[in-house]
Number of protein chains: 2
Amino acid sequence: MGAAKETLGEEQPWAEVSPDAARRLLIAAVEAFAERGYHATTTRDIAGRAGMSPAALYIHYKTKEELLHRISRLGHDKALDILRSAADGEGTPAERLSDAVRSFVRWHAGHHMTARVVQYELDALGAEHRTEIVALRRQSDAAVREIINDGVRAGDFDVPDVPGTTLAVLSLCIDVARWFNVAGRRTPDEVGATYADLVLRMVGAAPQK
Amino acid sequence: MGAAKETLGEEQPWAEVSPDAARRLLIAAVEAFAERGYHATTTRDIAGRAGMSPAALYIHYKTKEELLHRISRLGHDKALDILRSAADGEGTPAERLSDAVRSFVRWHAGHHMTARVVQYELDALGAEHRTEIVALRRQSDAAVREIINDGVRAGDFDVPDVPGTTLAVLSLCIDVARWFNVAGRRTPDEVGATYADLVLRMVGAAPQK
DNA sequence: CACTTGCCTAAGCGCTTGCTCACCTTCAGG
DNA sequence: CCTGAAGGTGAGCAAGCGCTTAGGCAAGTG
């Protein structure tokens with residue numbers, strides 16, 4: 001249990017969190033929240049996974065909810081970053097949409113523990129923190145809608161209902177975090193490629209080379 | 001809070017649960033689990049919504065987990081029923097897939113509280129109950145894969161990766177339960193129609209009339 | 001050296017949790 | 001009218017919860 005750390009690729013994850021003890025606690029919290037959910041996770045469990053006493057948690061975080069908020073905030077920042085840089089990138093709308101979906105899905109599969117917490121534990125946040133996060137999510141929605149609108153305007157896409165399709169595309173990508181399994185047959189790259197292809201079909205783009 | 005009951009259409013929901021007090025408790029549990037999640041819901045909350053004392057719950061159900069299991073079981077039975085009757089129906093593969101998605105999505109939107117519990121509180125079940133439910137889910141997967149395979153065999157669909165696309169189609173439909181909002185602009189029927197169209201595009205079927 | 005600062009623990013407080021138990025009420029059958 | 005079953009309640013138990021407090025230790029600074 002908790003054997004395989006979620007190190008994907010070369011770079012150290014959660015490098016922005018310091019000091020070291022705070023980062024260890026946060027990583028432990030991500031694992032615990034992803035496995036059992038926020039409410040089923042105890043502060044003792046988190047501290048235990050990080051090799052500390054329960055009280056140590058409260059040196060670095062005011063409450064258990066603050067831990068969730070930090071995870072949620074960093075995760076949403078990363079997710080939004082991925083979508084925005086695809087939306088602002090060069091290339092045809094089809095290329096940009098394909099890029100967006102591929103990298104967004106790859107992140108959700110590769111960091112599926114983090115993504116699961118980020119995407120499915122929103123209701124556990126306090127009212128203020130939740131509205132802050134919801135604003136970030138609206139920006140993600142806007143980024144995808146932007147690409148789809150560009151494609152429609154350019155005549156490359158055939159989309160009867162842009163907001164509905166935007167919602168469906170994001171929904172499809174997000175749900176990867178729920179079902180993705182490291183022990184499964186598919187790698188994050190493969191899922192990303194498959195999903196990019198599916199989404200291009202959904203918007204009626206001409207098949208890519 | 002809890003003002004609008006989840007009565008959609010004419011028939012009485014949860015008619016198969018009796019006696020009446022047990023049904024009221026179950027409906028209260030569905031609402032509470034859907035709003036706050038299983039672990040954040042207390043037995044006192046459930047009993048209170050049903051207008052009873054906390055102890056009354058244990059006359060009709062052995063544990064809180066048994067309540068969740070009953071909900072999950074009935075919900076999965078219904079969902080599987082919908083998919084199977086579409087898979088076994090008449091018509092071309094495209095028509096059957098469209099039917100399956102439309103009715104499956106309509107159920108997820110129309111009964112989004114139940115669906116949310118059914119689809120997202122699986123981990124809260126005990127080990128035995130969970131494996132029972134997982135078996136039902138595999139049957140749902142098989143029903144959809146069957147239709148897609150038929151379409152590929154008939155040359156009506158163009159699907160490079162059948163298991164992957166099956167997974168994506170189900171994932172797309174299931175996630176409706178997460179985002180669907182009664183206060184939103186779309187009706188369950190509209191979402192069902194939109195999604196049926198999107199899925200036909202995903203499998204490369206010729207556009208329907 | 002004394003003193004502060006950063007980081008940690010052992011112990012435990014006040015409260016809520018899932019669940020139980022002794023008891024009460026209603027009502028059909030003999 | 002008595003009885004037993006069905007379905008309910010108020011009080012409360014043991015366990016576990018989030019979080020606090022008092023204090024210990026090592027390192028850096030005057």
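Heavy atoms only: backbone and side chains are in, while hydrogens, waters and symmetry mates are out.
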Under 4.0 Å between a side-chain nitrogen and a carboxylate oxygen: does that hold for [X] and [Y]?
{"X": "A/R178", "Y": "B/D175", "answer": "no"}
{"X": "A/D161", "Y": "B/R186", "answer": "yes"}
{"X": "A/E95", "Y": "A/R102", "answer": "no"}

Could you tell me the separation between the [atom1] atom of [X] and the [atom2] atom of [N], rounded to a whole number of Å?
{"X": "B/H39", "N": "D/dG16", "atom1": "NE2", "atom2": "C1'", "value": "14 Å"}
{"X": "B/Y58", "N": "D/dA6", "atom1": "OH", "atom2": "P", "value": "22 Å"}
{"X": "A/E66", "N": "D/dC19", "atom1": "CD", "atom2": "P", "value": "10 Å"}
{"X": "A/M52", "N": "C/dA10", "atom1": "CE", "atom2": "C1'", "value": "16 Å"}
{"X": "A/L25", "N": "D/dC19", "atom1": "CG", "atom2": "P", "value": "14 Å"}
{"X": "A/D20", "N": "C/dC7", "atom1": "CG", "atom2": "C1'", "value": "12 Å"}
{"X": "B/L67", "N": "C/dC19", "atom1": "CG", "atom2": "P", "value": "10 Å"}
{"X": "A/L57", "N": "D/dT20", "atom1": "CG", "atom2": "C1'", "value": "13 Å"}

Identify which nucleotide among [options] has an atom closest to any side-chain atom of [X], counting heavy atoms from C-beta outward.
{"X": "A/A55", "options": "D/dT20, C/dC8, C/dC19", "value": "D/dT20"}
{"X": "A/I59", "options": "D/dG8, C/dG18, C/dC7", "value": "C/dC7"}
{"X": "A/T42", "options": "C/dC7, D/dC17, C/dC19", "value": "D/dC17"}
{"X": "B/S53", "options": "C/dC19, C/dT9, D/dG10", "value": "D/dG10"}

Which sits closer to the 5' end of DNA chain D, B/P19 or A/K64, going by the nucleotide each is nearest to? B/P19
Is the charged tip of A/K64 near the ring of A/F33: under 6.0 Å from the six-membered ring centre and within 45° of its axis? no
Quiz question: going by heavy-atom distance under 3.5 Å, is there a donor-acceptor pair between the base of D/dG16 and the side chain of A/R44? no
Please confirm whether the shortest side-chain N or O distance from A/H60 to OP1 or OP2 of C/dC8 is below 4.0 Å. yes
Quick check on salt bridge (charged side-chain N to carboxylate O under 4.0 Å, His left out): which of A/R70, A/R73, A/R137, A/R138 does A/E132 satisfy it with? A/R73
